[in-house]
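Structure first, commentary second.
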Amino acid sequence: MADQRKQQVRARENPDPEEMNRPVPWIVIALVLGVFIWAVAYIFINQRDDDPTLGDLRTISTLEEKVKSVSSANGAELYAANCAACHQASGAGVPGAFPPLAGSEWVAGQDRVLASILLHGITGSLTVKGTTYHGAMPSFKARFDDNQIAAILTFVRGNFGNAAAKVSPDVVKAEREASKDRSTPWNGDDDLTKFK
Ligand code: HEC
């Protein structure tokens with residue numbers, strides 16, 4: 001009776017687990033091999049043609065030149081960001097407050113006078129197109145280099161209906177040097193008409 005019972009219990013149990021022979025499928029082996037061969041071949045087929053040991057040979061001065069040439073091309077952007085708030089995007093100014101750059105005799109006048117206006121700014125009374133203004137024009141000598149001032153002035157002289165010649169950075173440079181001791185803005189017509 002006891003034996004019969006043992007047999008019943010044994011019959012209910014699962015067989016012991018046993019490792020079966022499951023090799024990696026040949027397709028997976030083929031894929032891994034294929035990728036490996038491709039990777040090695042890739043290194044040999046795609047040789048870099050520049051020598052990485054040479055590194056990046058650009059110097060700070062090369063990069064500075066690039067920055068300058070980019071900024072000097074952007075007279076329109078510099079104007080929009082730094083002048084348009086007062087002189088307006090159209091260059092028409094605001095009557096009674098900010099004089100127009102469109103058709104202004106100062107814009108069309110001598111480039112060195114115009115450069116000086118931007119370098120040092122103006123206070124006092126200034127006559128533009130027959131109207132006298134009593135505002136304050138800020139100084140830009142600390143904010144912009146010669147290239148940038150020349151770019152802005154060239155933009156102003158070639159837009160808003162103006163058709164005056166370009167302003168060269170050399171003119172701005174010379175004016176900056178000639179007036180390097182000045183720390184106050186020009187006193188309107190009194191100072192600037194002497195220039196003309
Ligand atoms: C905060 C306002 C303001 C900003 C910003 C400003 N200006 Fe002026 N600008 C004036 C005022 C005001 C005058 C007249 C000064 C006076 O009445 O004494 C003037 C005068 C001038 C003049 C001579 C008069 C004329 O109308 O032709 C020029 C040129 C000029 N500005 C160009 C510029 C340029 C270019 C910029 C940008 C780089 C600029 N200004 C930024 C307020 C401003």
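Both counts, for ligands and for their atoms, begin at 1 and track the order of listing. Since the model is a prediction, treat every value here as computed from it, not as a measurement.
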Checklist entry - What pair of heavy atoms forms the shortest contact from A150 to S168, and how long is it? => result CB-C, 3.9 Å

Under 3.5 Å donor-acceptor pairs involving side-chain atoms of residues 113-120, not counting sequence neighbours:
from, atom 1, to, atom 2, distance (Å)
S116, OG, R112, O, 2.9
S116, OG, E175, OE1, 3.1
H120, NE2, S179, OG, 2.7

Next on the checklist: Could you identify the single nearest non-hydrogen protein atom to atom 29 (C) of ligand 1 and state the distance to 0.1 Å?
Outcome noted: L114 CD1, 3.4 Å

Item to check | For atom 27 (O) of ligand 1, closest protein heavy-atom neighbour | outcome: S104 OG, 2.5 Å

Checklist entry - In Å, rounded to the nearest 0.5 Å, how long is the span from SG of C83 to CD1 of I152? => result 5.0 Å

Item to check | Distance-minimising heavy-atom pair for P99 and H87 | outcome: O-ND1, 2.9 Å

Next on the checklist: For a distance under 2.8 Å, give residue and atom name for each protein N, O or S atom next to atom 8 (Fe) of ligand 1.
Outcome noted: H87 NE2, M137 SD

Checklist entry - Between the side chain of S139 and the main-chain N/O of G121, is any donor-acceptor distance below 3.5 Å? => result no

Item to check | Validation row: V94, C86 side chains within 4.5 angstrom (heavy atoms) | outcome: no

Checklist entry - Are W106 and V172 linked, directly or through other ILVMFWY residues, by side chains that come within less than 4.5 angstrom of each other? => result yes

Item to check | Set of side-chain contact (heavy atoms from CB on, under 4.5 Å) partners for N159, sequence neighbours left out | outcome: F155

Checklist entry - When you measure from atom 35 (C) of ligand 1 to each heavy atom in T127, L118, N82, which option holds the nearest one? => result L118

Checklist outcome for this item: Logged contact type for Y79 with ligand 1, heavy-atom cut-off 4.0 Å, is neither

Item to check | Any D191 side-chain heavy atom under 4.5 Å of R182 side chain | outcome: yes

Item to check | Non-hydrogen atom of P100 closer than 4.0 Å to ligand 1 | outcome: yes

Item to check | G124: numbered ligand 1 atoms lying under 4.0 Å from its heavy atoms | outcome: 16 (C), 17 (O), 18 (O)

Checklist entry - For E177 and K180, what are the C-alpha separation, side-chain angles and deciding distance, and is it a salt bridge (charged side-chain N to carboxylate O under 4.0 Å, His left out)? => result CA-CA 5 Å; E177 182 59 28; K180 67 172 188 290; 3.3 Å; yes

Item to check | Selection residues 146-157 - residue pairs positive for salt bridge (Lys or Arg N to Asp or Glu O under 4.0 Å), sequence neighbours left out | outcome: D146-R176

Item to check | Ligand-residue contact atoms, ligand 1 with V107, heavy atoms, under 4.0 Å | outcome: 27 (O), 29 (C)

Next on the checklist: Under 4.0 Å from a heavy atom of A136: which atoms of ligand 1 are those, numbered in the order shown and with their elements?
Outcome noted: 12 (C), 42 (C)

Item to check | Contact atoms of ligand 1, heavy-atom distance to I152 under 4.0 Å | outcome: 35 (C)

Checklist entry - Looking at side-chain heavy atoms only, is the closest gap between V28 and W26 below 4.5 Å? => result no

Checklist entry - Which atoms of ligand 1 sit under 4.0 Å from any heavy atom of Y133? => result 17 (O)

Checklist entry - Do the rings of Y42 and W38 sit parallel, tilted or perpendicular, given the 30° and 60° boundaries? => result tilted

Item to check | Any G188 heavy atom less than 4.0 Å from ligand 1 | outcome: no

Checklist entry - Should you measure from each heavy atom of A97, which atoms of ligand 1 turn up under 4.0 Å away? => result 12 (C)

Next on the checklist: Only heavy atoms of H134, strictly under 4.0 Å: list the atoms of ligand 1 that pass.
Outcome noted: 17 (O)

Checklist outcome for this item: On a heavy-atom basis, the closest approach of N162 and S104 is OD1-N, 4.4 Å

Checklist entry - To which protein heavy atom is atom 17 (O) of ligand 1 closest, and what is the distance rounded to 0.1 Å? => result G135 N, 2.9 Å

Item to check | Sub-4.0 Å heavy-atom approach of P185 to ligand 1 | outcome: no

Checklist entry - What protein heavy atom sits nearest atom 23 (C) of ligand 1, and how far away is it? => result L126 CD2, 3.8 Å

